[in-house]
Amino acid sequence: MTRLTHLQRLEAEAIHIMREVAAEAEKPVMLYSVGKDSAVMLHLAQKAFYPSKPPFPLMHVDTTWKFGEMIAFRDEMAKKLDMELIVHINQEGVEQGIGPFSHGSALHTDVMKTQGLKQALDKYGFDAAFGGARRDEEKSRAKERIFSFRSEQHRWDPKNQRPEPWSIYNTRIQPGESIRVFPLSNWTELDIWQYIHLENIPIVPLYFAAPRPVVEREGTLIMVDDDRMPLDGETPVEKMVRFRTLGCYPLTGAVESSAATLPDIIQEMLLTTQSERQGRVIDHDSTASMEKKKQEGYF
Amino acid sequence: MSHKSDLIAEDINAYLKAHETKSLLRFITCGSVDDGKSTLIGRLLYESKMVFEDQLAALESDSQKVGTQGEGLDFALLVDGLAAEREQGITIDVAYRFFSTEGRKYIVADTPGHEQYTRNMATGASTADLAILMIDARKGVLTQTRRHSYIVNLLGVQNLVLAINKMDLVDYSEERYDEIVAEYKTFATEIGISDDRITPIPMSALVGDNITEKTDALSWYEGGTLMEHLETVRLSENKNTKPFRMPVQWVNRPNLDFRGFSGQVASGTLNVGDEIRALPSGKTSKVESIVFPVKIDGEDKLDQAVADQSVTITLEDEIDISRGDIICGKDHPAEAADQFRSTLLWMDEDEMLPGRTYLMKIGAKTVQATVAAPKHVVDINSLEKLAAPTLTLNAIGSCNLALDQNIAFDAYEDNRTTGGFILIDRMTNRTVALGFIEYALRRASNIHWQAMEVDEVARAEQKGQRPAVLWFTGLSGSGKSTIANALEKRLFAMGRHTMTLDGDNVRHGLNRDLGFTEADRVENIRRVSEVSQLMVEAGLITLVSFISPFRSERDMARERIGDGKFLEIFVDTPLSVAEDRDVKGLYKKARAGEIKNFTGIDSPYEAPENPEITINTVDQTPDEAAEIIVKYLTQRGFLSDWVI
Ligand SMILES: Nc1nc2c(ncn2[C@@H]2O[C@H](COP(=O)(O)OP(=O)(O)O)[C@@H](O)[C@H]2O)c(=O)[nH]1
């Protein structure tokens, strides 16, 4: 081997980033959202520090509306890898009974996810948090740095981000400030899938097609994951579906598919005509929506 | 997202196999507003089918709303960024875009071209293998083209594509194309870009000529399309053939039996059994193993590590290596030093403060660095070197840095990773500069294989100053010696190394065989110039206080010592005032005919035409005069070196 392939380059870059954080941050954490990007990130962390274990815990901000299979998968992975897993739930939100059906997707996401994340970071005093976001996900992300700085109030100021020449990262922060670090910044959705395939990385079975009970709402197929889902005279039907992204089940659209293996999934993705975010109910408002969310501290 | 391959539908496994071996090409696009940069990138994304239908639908509707193409698709809208910029219709900052083809995956750094975004362009160029320089065929090579070329060349981008765009607006004229190419190449040669690094391509990003397809309109053009070039360009900077370098990021110590050094290989290759040298300590050992979990729960060792790979190395001997050190091949190690000449590109709103200590991060090492005032700054439009007291936002200049400890490094031109650094403000934590190491001023003494030259530069650096001759000229009694004396006291108090040559004193010793005839006066000055020159070589700031009435002698001294080091200070006191003062009673004697050839009385004084400094002693006290000179020296960087 003399020349690295593009996936090997991306892998080496992500490992480099993780090691920088491990060496320079006081209390880093890896945000583990249980999706495919998190799966890749976790896998890279195993490689980066081998034979040591990654020198940071995993943290999941649980909105309480995730797919049941995600939660099971999460716990299993943490156990298998013998890593500390912190699960944070916004108790205030729970007490107020916030949920996507009762309060709508925007409020639910804000309280349970955005506020929940801030609470968790404050509670444990983490100064650096790895996230699995990619620049190819959305136009406004294209300018996001790999190291993204947040004020004490967790606000993101697009005008005050640091230049990242070469592979040198300035990780210095004032007390109270924190950094979000995105080691997968330069990966595309296709890279993620190819890497999962090549490296045999375990992912939540929801990504693979299977018969699942769904109802159709405003053109989106929503899986009835538990009995909290209010059915308005609807009868769930079994369909062969899978998910391209995973989040709160009431906010995540399924696609009809028969792709049951990774090559099938990749094939379907390469031939599809819809971008990945299409399945996220939360995004449909406006193009600038992500940016607003980011300024508010949403990941 | 339909990649063009039929294989996807027919045999996905074969497709995946083929795509596993793709290489990565990073490039930057440089152009000013309206050259067609966004249109070009948008088209590359579109043509490589990286645009999904829902994005395309959005593009169609956006094109109708805010597009500039009437009913047509405005590709530029595919790549715009943050909401505020979008409203203004301009792109700022660095945006990264991705597309892939059959052979390669591409990461595009999209940066704006205005001078105020020089820092963004530099950041984008720092990781690029190739730069696309956009030229509007109607406008040809503009100042901005030169600026962009200078920046990407400074950052070490090897391959340059001259994208001569909007050919449709110049009737696809071959003549016009040739003219632009010729003009560009002449300029490029001047700044050290050889022809073989330049690939000119005529195109229309809007119409689609020569982007992915050759069209009849440009049938006279024999080269390939832009896409063909991107697909096939050899990534000439072959990092694997360079000496081995790996900055250590993290010491891997899971238990007492394992001690590994983790890092990303900056250049070269390393095999198990190779001899290494750790820097800056200089200690040597052998590679015991190269650890990398190729598969989790499986093979965890490599025989060889190559450039760009992130690995963990274990050694046969227990030598002390910590984060920030560099592991090198034993026989071609990096250098180690604590003082450098470097080029800085200033990135902060607050200007550089000469003499201030910043944090310097190079590789995985963070040290303290004190920056001296710039030797010069480069006007990136005219490419002229100018004097300047400091560096302001986007300025590029050459400065000395003094560190608080030795670091391992290579010159930036030899190695981007071990020669490139950032400076960080210790108070604000902002990244304030990009830096490129040119060479070490003083080599680390513990690195025995480097021979050290003791020369003028070395002596000066040891004293932490820039030697110079301050040549005071003026009538007898004008105040030369008094001012020189006041100045030397100040310099001495500032820790400078100085020496004064005073006319009267020198005439008592070295020149006691000389009189006041014209010939003797010339010889007097010649000897003094020679002695001053020796003092400069010794690294001293030398104050010369001589009447030196003749312009030609002073010019001779200037020539001997060298412009830039010779500062003529005209102590401008009118004869009447000097004669009035007559401290030594000499004027009285001269008037009485007791002294012959006395300057101002019966021998002429030729006032300097362009002295560096003029002192008016009628209105200024000697202390004020000394203050003016100190200020001058500080501003020109004679004193601010290394002052903390
Ligand atoms: N005729 C012609 N117009 C072009 C070409 N490339 C870009 N343009 C137009 O030039 C204008 C500026 O293009 P844009 O891509 O936004 O420029 P940028 O500011 O460099 O990103 C737009 O109106 C484009 O449609 C070209 O090759 N031919």
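Lettering of chains follows the sequences in order, A, B, ..., and the numbering in each one begins at 1.
- Between the NE2 atom of His19(B) and the OG1 atom of Thr5(A) there is a distance of 12.5 Å, given to the nearest 0.5 Å.
- Closest heavy-atom contact between Ser185(A) and Phe98(B): O-CZ, 3.7 Å.
- Contact record, Arg3(A) with Ser23(B): NH1-CB, 2.6 Å, taken as the closest heavy-atom pair.
- Trp250(B) contributes atom CH2, which lies 8.0 Å from atom CZ of Arg19(A) (distance to the nearest 0.5 angstrom).
- Contact count versus chain A (heavy atoms, under 4.5 Å) is highest, among Thr269(B), Thr127(B), Asn255(B), Asp300(B), for Asp300(B).
- Using a 3.5 Å distance cut-off with no hydrogens or angles, the side chains of Gln249(B) and Glu20(A) do pair a donor with an acceptor.
- To the nearest 0.5 Å, atoms OH (Tyr15(B)) and CG (Leu270(A)) are separated by 5.0 Å.
- Proximity to chain B is limited to the side chain of Glu11(A), based on heavy atoms less than 4.5 angstrom apart.
- For the atom pair CG of Leu271(A) and CD1 of Ile12(B), the computed distance is 7.0 Å after rounding to the nearest 0.5 Å.
- Considering only heavy-atom pairs separated by less than 4.5 Å from chain A, the leading option among Leu155(B), Val311(B), Thr366(B) is Val311(B).
- Shortest non-hydrogen contact noted between Trp166(A) and Phe421(B) is CZ3-O, 3.4 Å.
- Of the listed residues His43(A), Gln194(A), Arg172(A), the one with more heavy-atom pairs under 4.5 angstrom with chain B than any other is Arg172(A).
- In this structure, Ala12(A) and Gln264(B) approach most closely via the heavy-atom pair CB-NE2, 3.7 Å.
- Contacts of Arg9(A) with chain B are made by side-chain atoms alone, with heavy-atom separations under 4.5 Å and no backbone atom involved.
- Ranked by non-hydrogen atom pairs under 4.5 Å with chain B, the options Tyr169(A), Phe149(A), Trp187(A) are led by Tyr169(A).
- The two atoms that bring Ile168(A) and Gly363(B) nearest to each other are CD1-N, 4.3 Å, heavy atoms only.
- Heavy-atom minimum distance, Ser310(B) versus His16(A): OG-N, 3.9 Å.
- Contact count versus chain B (heavy atoms, under 4.5 Å) is highest, among Arg162(A), Lys53(A), His197(A), Glu164(A), for Arg162(A).
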- Check step by step if side-chain contact (heavy atoms from CB on, under 4.5 Å) holds for Lys361(B) and Asn170(A). CA-CA 8 Å; Lys361(B) 187 168 182 190; Asn170(A) 167 3; 5.9 Å; no

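- Here Asn186(A) is the residue among Leu198(A), Asp264(A), Asn186(A), Thr171(A) with the most heavy-atom pairs under 4.5 Å with chain B.
- With a 4.5 Å cut-off on non-hydrogen atoms, Ala125(B) does not touch chain A at all.
- Two residues are said to be in side-chain contact when any heavy atoms from C-beta on lie closer than 4.5 Å; Leu16(B) and Pro263(A) meet this criterion.
- Residue contact with chain A, scored on non-hydrogen atoms closer than 4.5 Å, involves the backbone of Val294(B) exclusively.
- Within the 4.5 angstrom heavy-atom criterion, no atom of Asn200(A) approaches chain B.
- Residue contact with chain B, scored on non-hydrogen atoms closer than 4.5 Å, is absent for Leu262(A).
- Highest contact tally toward chain A, considering only Leu434(B), Leu24(B), Asn429(B), is held by Asn429(B) [criterion: heavy-atom pairs under 4.5 Å].
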- Take Tyr50(A) and Val291(B), measure what side-chain contact (heavy atoms from CB on, under 4.5 Å) needs, and give me the verdict at the end. CA-CA 8 Å; Tyr50(A) 181 89; Val291(B) 178; 3.7 Å; yes

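- Applying the 6.0 Å contact sphere to NZ of Lys27(A) captures more than 12 heavy atoms from other residues, nucleotides or ligands.
- Here the straight-line distance linking atom CD1 of Ile146(A) with atom OH of Tyr96(B) works out to 7.5 Å at 0.5 Å rounding.
- When heavy atoms are compared at a cutoff of 4.5 Å, Glu13(A) approaches chain B by way of both its backbone and its side chain.
- Asn271(B) CG: more than 12 foreign heavy atoms inside a 6.0 Å radius.
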- Run the numbers on Thr188(A) and Lys105(B) for side-chain contact (heavy atoms from CB on, under 4.5 Å), then give the verdict. CA-CA 10 Å; Thr188(A) 60; Lys105(B) 157 161 174 154; 3.6 Å; yes

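- Here the OG1 atom belonging to Thr123(B) is positioned 7.0 Å from the CZ atom belonging to Arg145(A), to the nearest 0.5 angstrom.
- If you measure heavy-atom distances from Asp308(B) to chain A, the contacts under 4.5 Å come from both the backbone and the side chain.
- Of the two parts of Leu25(B), neither the backbone nor the side chain holds a non-hydrogen atom closer than 4.5 Å to a non-hydrogen atom of chain A.
- For the options Arg253(B), Glu20(B), Arg430(B), Arg104(B), heavy-atom pairs under 4.5 Å to chain A are most numerous at Glu20(B).
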